[in-house]
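Below is one structure, written out as structure tokens; comments come after it.
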Amino acid sequence: MPEAPVSLFEDDRRISRHDILRWWESRRFSYNLRIGAVGVVTWLLVEIAGSAAVKPGVDFEEPIVMIFGPIFYGIGANLFYTLGWMIDTALYKGQPRRMLYKTGLIFSMILTALPGAWAVIAWLITIYTGKKLD
């Protein structure tokens, strides 16, 4: 009876660079979903909380940035994701660097959330001071 294939996540044997590339690429969709979900929440926070923090007629963020920013950000996030597996295969150690993936994912999620966090902070400042931002 043939042996069942072992997941790259659980396998302790050395694997090829190509296998490491496949390991990373098998996680790209999940990475994009997570970053995309944080991005949607961030976009909404900037739109809602940011708009509440500024005077009428003032944009918290330029509308063109709100439209095209997420597209360019998504492209950039995927370029950096690709850099992750490039580093992993260039510094080949026989196994995918799970910590590199996890660290990159967490960093990307925090970076994606920063504009939304700033919008909420700005809104809270306006509530505290009673003055809207210019």
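Only a predicted model underlies this, so the values are computations on that prediction, with no experimental measurement involved.
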For Tyr92 and Ser16, what are the C-alpha separation, side-chain angles and deciding distance, and is it a side-chain hydrogen bond (donor to acceptor under 3.5 Å, both in side chains)?
CA-CA 9 Å; Tyr92 178 67; Ser16 71; over 6 Å; no
Check the pair Phe60 / Trp118 against side chain to side chain contact (heavy atoms under 4.5 Å, CB included), numbers first and verdict last.
CA-CA 10 Å; Phe60 185 78; Trp118 165 239; 3.2 Å; yes
Using side chain to side chain contact (heavy atoms under 4.5 Å, CB included), reason through Met66 and Glu47 one step at a time and then give a plain yes or no.
CA-CA 8 Å; Met66 294 295 289; Glu47 190 63 27; 3.5 Å; yes
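Considering CZ of Arg22 and CG of Asp19, their distance stands at 4.5 Å, rounded to 0.5 Å. Note that NZ of Lys131 is 9.5 Å distant from NZ of Lys55, once rounded to the nearest 0.5 Å. With values rounded to the nearest 0.5 angstrom, Leu105 atom CG is found 10.0 Å from Ile110 atom CD1. Between Arg27 atom CZ and Arg34 atom CZ the span is 10.0 Å, to the nearest 0.5 Å. Remark: Ile20 CD1 to Glu25 CD distance equals 13.0 Å, nearest 0.5 Å. For the atom pair Thr129 OG1 and Leu124 CG, the distance stands at 10.5 Å (nearest 0.5 Å).
Nearest approach of Gly50 to Ala119, heavy atoms of both residues: N-CB, 3.8 Å. Pairing each heavy atom of Leu21 with each of Thr89, the nearest pair is N-CG2, 4.4 Å. Between Ala52 and Trp123 the shortest heavy-atom distance is CB-CD1, 3.4 Å. The two atoms that bring Ser108 and Ile35 nearest to each other are CB-CD1, 3.4 Å, heavy atoms only.
Taken together through direct or relayed side-chain contacts under 4.5 Å among Ile, Leu, Val, Met, Phe, Trp and Tyr, Trp43 and Val40 form part of one hydrophobic cluster. Taken together through direct or relayed side-chain contacts under 4.5 Å among Ile, Leu, Val, Met, Phe, Trp and Tyr, Val65 and Leu44 form parts of separate hydrophobic clusters. In this structure, Leu133 is a member of the same hydrophobic cluster as Val46, with clusters built from ILVMFWY side-chain heavy atoms closer than 4.5 Å. Tyr31 and Leu100 fall within a single hydrophobic cluster, where Ile, Leu, Val, Met, Phe, Trp and Tyr are joined by side-chain heavy atoms under 4.5 Å apart, directly or via other members. Taking hydrophobic clusters as Ile, Leu, Val, Met, Phe, Trp and Tyr residues chained together by side-chain heavy-atom distances below 4.5 Å, Ile15 shares a cluster with Tyr101.
Phe107 meets the side-chain contact (heavy atoms from CB on, under 4.5 Å) test with Leu111; sequence neighbours excluded. Remark: Val41 pairs with Leu45 by the side-chain contact (heavy atoms from CB on, under 4.5 Å) rule, at least two apart or across chains.
Within the 4.5 Å cutoff, no side-chain heavy atoms of Lys132 are placed close to those of Val54.
A side-chain hydrogen bond (donor to acceptor under 3.5 Å, both in side chains) with Asp88 holds for exactly one of Arg17, Arg97, Lys93; it is Arg97.
Side-chain atoms of Ser26 come within 3.5 Å of backbone N or O of Trp23 as a donor-acceptor pair.
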Please tabulate, one pair per line, all N/O donor-acceptor pairs under 3.5 Å involving side-chain atoms of residues 67-83, not counting sequence neighbours.
| residue | atom | partner | partner atom | Å |
| --- | --- | --- | --- | --- |
| Tyr73 | OH | Thr112 | N | 3.3 |
| Tyr73 | OH | Thr112 | OG1 | 2.7 |
| Asn78 | OD1 | Arg28 | NH1 | 2.9 |
| Asn78 | OD1 | Asn32 | ND2 | 3.2 |
| Asn78 | ND2 | Asn32 | OD1 | 2.9 |
| Asn78 | ND2 | Gly74 | O | 3.0 |
| Tyr81 | OH | Trp24 | O | 2.4 |
| Tyr81 | OH | Arg28 | N | 3.4 |
| Thr82 | OG1 | Arg28 | NH2 | 2.9 |
| Thr82 | OG1 | Asn78 | O | 3.0 |

